[in-house]
Participant: 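The structure that follows is given in the form of structure tokens.
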Amino acid sequence: QVQLVESGGGLVQPGGSLRLSCAASGRTSSTYTMGWFRLAPGKEREFVAAINQSGASAVSADSMKGRTTISRDNAKNTVYLQMNSLKPEDTAVYYCAAAMTVVVVTTTKGYDYWGQGTQVTVSS
């Protein structure tokens, strides 16, 4: 089992930045691919970014490219999502997820463990 706890969400003005963190614990969490997804009201859960176990490979959704960076610190069992130039349409609950694979995964079905989510609201 892997437990995931997100933090860092909150209210930010358009154009602002946030850094989300996801602390992992449990079964060798550093060997998992880690991803971020988001769920906005009335929409399906959407892929945001993912990073493989070593951190050598990372992918971001087209909607977030140039505005987001995913990174991980395996010594701390933590993955980060830095988001810049935030827009109101980025408002959502952001979820961290872990996949039992060494490759980058961009689909929800590819993930085995999920956190409870952290709310990000972009509004003036």
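Model, not experiment: these values are computed from the prediction.
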Participant: How far does CZ of Arg67 sit from NZ of Lys65, to the nearest 0.5 angstrom?
Facilitator: 13.0 Å
Participant: Within this structure, what is the OG1-OH distance for the pair Thr101 and Tyr111, rounded to the nearest 0.5 Å?
Facilitator: 9.0 Å
Participant: If you group Ile, Leu, Val, Met, Phe, Trp and Tyr by side-chain heavy-atom gaps below 4.5 Å, do Val105 and Trp114 land in one group?
Facilitator: yes
Participant: For the CD atom of Gln1 and the OH atom of Tyr113, what is their distance to the nearest 0.5 Å?
Facilitator: 5.0 Å
Participant: Measuring from Asn77:CG to Gln3:CD, what's the distance to the nearest 0.5 Å?
Facilitator: 11.5 Å
Participant: I'd like to check Tyr80 versus Thr69 (side-chain heavy atoms, cut-off strictly below 4.5 Å). Are they in contact?
Facilitator: no
Participant: Whether the Asn84 and Ser17 side chains hold a donor-acceptor pair (N or O, under 3.5 Å, no angle test) is what I'd like checked.
Facilitator: yes
Participant: Tell me whether Gln116 at atom CD has more than 12 heavy atoms from other residues, nucleotides or ligands lying less than 6.0 Å away.
Facilitator: no
Participant: Are side-chain heavy atoms of Val102 and Asn52 found at a separation under 4.5 Å?
Facilitator: no
Participant: Verify the cluster assignment for Val2 and Val79: are they in a single hydrophobic cluster under the rule of side-chain heavy atoms below 4.5 Å apart?
Facilitator: yes
Participant: Would you say Phe47 ends up clustered with Ile70 if hydrophobic residues are merged whenever their side chains have heavy atoms under 4.5 Å apart, either directly or through other cluster members?
Facilitator: no
Participant: Strictly distance-based, threshold 3.5 Å: is any side-chain N or O of Gln13 a donor or acceptor partner for the main-chain N or O of Ser124?
Facilitator: no
Participant: Could you go through Glu89 and Ser63, starting from their C-alpha distance and side-chain angles, then the distance that decides it, and tell me whether this counts as side chain to side chain contact (heavy atoms under 4.5 Å, CB included)?
Facilitator: CA-CA 10 Å; Glu89 51 263 43; Ser63 61; over 6 Å; no
Participant: Tell me whether Met64 shares a hydrophobic cluster with Val59, the cluster being built from Ile, Leu, Val, Met, Phe, Trp, Tyr side chains joined at under 4.5 Å.
Facilitator: no
Participant: Between the side chains of Lys87 and Asp90, is the shortest nitrogen-to-carboxylate-oxygen separation below 4.0 Å, so that they form an ion pair?
Facilitator: no
Participant: Tell me if a side-chain donor or acceptor on Thr118 pairs with a main-chain N or O of Tyr94 at a distance below 3.5 Å.
Facilitator: no
Participant: Hydrophobic clustering (ILVMFWY, side-chain heavy atoms < 4.5 Å, transitive) - are Leu81 and Leu4 grouped together?
Facilitator: yes
Participant: Within this structure, what is the CE-CZ distance for the pair Met83 and Arg38, rounded to the nearest 0.5 Å?
Facilitator: 8.0 Å
Participant: Mind checking the OG1-CD spacing from Thr68 to Gln82? Nearest 0.5 Å is all I need.
Facilitator: 7.5 Å
